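Heads up: the structure comes next, in structure tokens.
Here the structure is a predicted model, which means the values were calculated and not measured.
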Amino acid sequence: QVQLVESGGGLVQTGGSLRLSCAASVFTFTTYGAGWFRQAPGKEREFVATISWSAGITYYADSVKGRFTISRDNAKNMVYLQMNSLNPEDTAVYFCAARTIPNAGKFQYEYNYWGQGTQVTVSS
């Protein structure tokens, strides 16, 4: 069974930083692309960032480009999202996702596994 567990969410003031972590259980396939998505209250879930297995390819939503950084540690089966210069528009539940091929992916339908999400709240 595949499990993704996010952590690191919380309450932060505008301009602050948070680092989200995603711990992946052992996969039967050896390589996987990963991504972060978020869902704000009353809105659809949206793409935030994605990273390939090799970490050689990353993509970001325009709204977070230059402020967020996605990374991974394959030896530990961990994926991270460093979030800087946070603002209230970043308030959302953040989800980690994994797909069964090593490529990065920007679309939700590309992902096979999802975590339960972690709440990020940015106060003004």
Side-chain angles (χ1 to χ4, degrees):
Q1 185 175 356
V2 175
Q3 278 192 317
L4 300 173
V5 179
E6 303 94 336
S7 62
L11 174 64
V12 64
Q13 291 185 332
T14 295
S17 298
L18 283 174
R19 188 195 195 203
L20 304 184
S21 298
C22 174
S25 62
V26 177
F27 288 82
T28 56
F29 43 91
T30 57
T31 63
Y32 57 94
W36 287 95
F37 294 78
R38 68 185 181 186
Q39 186 167 20
K43 295 187 178 181
E44 297 289 318
R45 189 161 57 184
E46 64 177 6
F47 166 73
V48 175
T50 181
I51 188 167
S52 62
W53 169 256
S54 68
I57 295 176
T58 58
Y59 296 112
Y60 297 91
D62 288 343
S63 59
V64 307
K65 204 171 294 182
R67 301 187 298 123
F68 291 11
T69 302
I70 189 171
S71 61
R72 64 189 303 159
D73 183 338
N74 293 335
K76 297 180 179 178
N77 263 342
M78 296 291 295
V79 180
Y80 305 100
L81 185 68
Q82 177 67 44
M83 306 186 296
N84 298 329
S85 301
L86 286 161
N87 59 63
E89 289 69 39
D90 296 314
T91 294
V93 177
Y94 283 71
F95 298 90
C96 175
R99 58 189 310 204
T100 54
I101 62 175
N103 306 71
K106 298 180 183 179
F107 303 101
Q108 297 182 53
Y109 70 81
E110 296 179 294
Y111 289 86
N112 309 90
Y113 305 102
W114 292 84
Q116 292 300 308
T118 185
Q119 177 70 48
V120 171
T121 303
V122 185
S123 64
S124 57

Original post:
side chain to side chain donor-acceptor pair (under 3.5 Å): which pairs involve residues 115-124, sequence neighbours left out?
Top reply: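 Sorted result for residues 115-124: Gln119-Thr121.
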**OP:** Give every residue pair that meets the side chain to side chain donor-acceptor pair (under 3.5 Å) criterion with at least one member in residues 11-20, sequence neighbours excluded.
**Re:**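 Applying side chain to side chain donor-acceptor pair (under 3.5 Å) to every pair that reaches into residues 11-20, excluding sequence neighbours, yields Ser17-Asn84.
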**OP:** Check for a donor-acceptor pair, side chain of Thr50 on one end and backbone N or O of Ala104 on the other, with a separation under 3.5 Å.
**Re:**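 No.
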Original post:
Looking only at atom types and distance, does a side-chain atom of Gln39 sit under 3.5 Å from a main-chain N or O of Glu44, one as donor and one as acceptor?
Top reply: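 Judged by distance alone, no pair lies under 3.5 Å.
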If we only count heavy atoms from C-beta on, is the [X] to [Y] side-chain gap below 4.5 Å?
X      : Y      : result
Met78  : Arg72  : no
Thr100 : Tyr113 : yes
Ser52  : Pro102 : no
Trp36  : Leu20  : yes
Met83  : Leu81  : yes

Original post:
Going by side-chain heavy atoms closer than 4.5 Å, which hydrophobic residues are tied to Phe95, directly or by a chain of links?
Top reply: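 Other cluster members: Phe37, Phe47, Ile57, Tyr59, Val93, Tyr111, Trp114.
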**OP:** Report the residues that fulfil salt bridge (Lys or Arg N to Asp or Glu O under 4.0 Å) with Glu46, sequence neighbours left out, ordered by chain and then residue number.
**Re:**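 Testing Glu46 for salt bridge (Lys or Arg N to Asp or Glu O under 4.0 Å), a comparison that skips the adjacent residues, returns Arg38.
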**OP:** Give every residue pair that meets the salt bridge (charged side-chain N to carboxylate O under 4.0 Å, His left out) criterion with at least one member in residues 100-118, sequence neighbours excluded.
**Re:**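 Salt bridge (charged side-chain N to carboxylate O under 4.0 Å, His left out) check on residues 100-118 returns Arg99-Glu110.
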Subject >> Pairs where residues 58-71 contributes a residue and the test salt bridge (charged side-chain N to carboxylate O under 4.0 Å, His left out) is met, not counting sequence neighbours >> reply: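 Checked against salt bridge (charged side-chain N to carboxylate O under 4.0 Å, His left out) - neighbours excluded - the pairs reaching residues 58-71 are Asp62-Lys65, Arg67-Asp90.
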Original post:
Under the side chain to side chain donor-acceptor pair (under 3.5 Å) criterion, do Asn74 and Tyr32 qualify, and how do the steps go?
Top reply: CA-CA 10 Å; Asn74 293 335; Tyr32 57 94; 5.1 Å; no
**OP:** Under the side chain to side chain donor-acceptor pair (under 3.5 Å) rule, collect the residues that match up with Asn103, sequence neighbours excluded.
**Re:**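 By the side chain to side chain donor-acceptor pair (under 3.5 Å) rule, Asn103 matches no residue at all.
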Using side-chain contact (heavy atoms from CB on, under 4.5 Å) as the criterion, list what pairs up with [X], not counting sequence neighbours.
X     : answer
Lys43 : Ala40
Thr58 : Ile51, Tyr60, Ile70
Val12 : Leu18, Leu86, Val122
Ser71 : Tyr80

**OP:** Mind listing the closest non-hydrogen atom pair of Ala34 and Val79 along with its distance?
**Re:**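 So the two residues come closest at CB-CG2, 3.8 Å.
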Original post:
So which pairs with a foot in residues 59-102 pass disulfide (SG to SG under 2.5 Å), sequence neighbours left out?
Top reply: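 Found Cys22-Cys96.
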